[in-house]
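One structure is given below, encoded as structure tokens.
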Amino acid sequence: MARFCGKVGYVEFVETSPGVYEEKITERTYRGAILRNARRLDATEKLHDDIDLNNSISIVADAYAYNHMQSMLYVEFHGSKWRITNVEVARPRLNLTIGGVYNAPSRKVP
């Protein structure tokens with residue numbers, strides 16, 4: 001089983017002015033293992049086909065991860081950010097399934 005060390009991005013909505021909310025992304029580093037390492041190529045009518053990963057990554061979770069797992073947005077894996085499509089609780093770990101590339105701009109909390 002291959003080892004994993006990377007960042008997980010969390011999104012939260014912060015009120016910047018009355019009635020106006022803005023996305024803030026917080027990244028935290030986790031260690032764990034790669035449970036499944038696979039790639040899927042979706043043939044579409046676009047110029048370039050979409051590449052999706054069907055990877056499962058098991059991270060050793062902390063209290064923050066358990067309390068904010070509904071806010072998990074992406075995992076940094078092999079130099080790219082990949083959308084988290086599923087989170088499974090397997091204490092003391094969280095098993096993350098990742099899919100397509102996460103393309104939204106990064107708005108990290110300073």
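Just so you know, residue 1 is the first one in the sequence shown, and it goes up from there. This is a predicted model, so every value here is computed, not measured.
Contacts of Arg91 classified as side chain to side chain contact (heavy atoms under 4.5 Å, CB included), with partners at least two apart in sequence or in another chain: Tyr66, Val89. By the side-chain hydrogen bond (donor to acceptor under 3.5 Å, both in side chains) test, Asp62 is found to be paired with Arg28, Tyr30, residues two or more places apart in sequence or in another chain being considered. For Ile98, the side chain to side chain contact (heavy atoms under 4.5 Å, CB included) criterion is met by Leu53, Asn55, Ile57, Val75, Phe77, Trp82, Ile84, not counting sequence neighbours. In this view, Glu76 and Lys7, Glu27, Lys81 satisfy the side chain to side chain contact (heavy atoms under 4.5 Å, CB included) rule, not counting sequence neighbours. For Arg93, the side-chain hydrogen bond (donor to acceptor under 3.5 Å, both in side chains) partners two or more places apart in sequence, or in a different chain, are Ser58.
Distance check, rounded to the nearest 0.5 Å: OG1 of Thr16 to NZ of Lys24 gives 8.0 Å. Once rounded to the nearest 0.5 Å, the distance linking CD1 of Ile34 with CZ of Arg3 reads 10.0 Å.
Nearest heavy-atom pair across Ile25 and Gly9 is CG2-CA, 4.4 Å. Scanning both residues, Thr29 and Cys5, for their nearest heavy atoms gives CG2-SG, 4.1 Å.
The hydrophobic cluster containing Met72 also contains Tyr64, counting ILVMFWY residues as joined when their side-chain heavy atoms lie under 4.5 angstrom apart, directly or transitively.
Side-chain contact between Tyr74 and Arg83 is absent, with no heavy atoms from C-beta onward closer than 4.5 Å. Counting only heavy atoms from C-beta outward, the side chains of Phe13 and Glu23 approach each other to under 4.5 Å.
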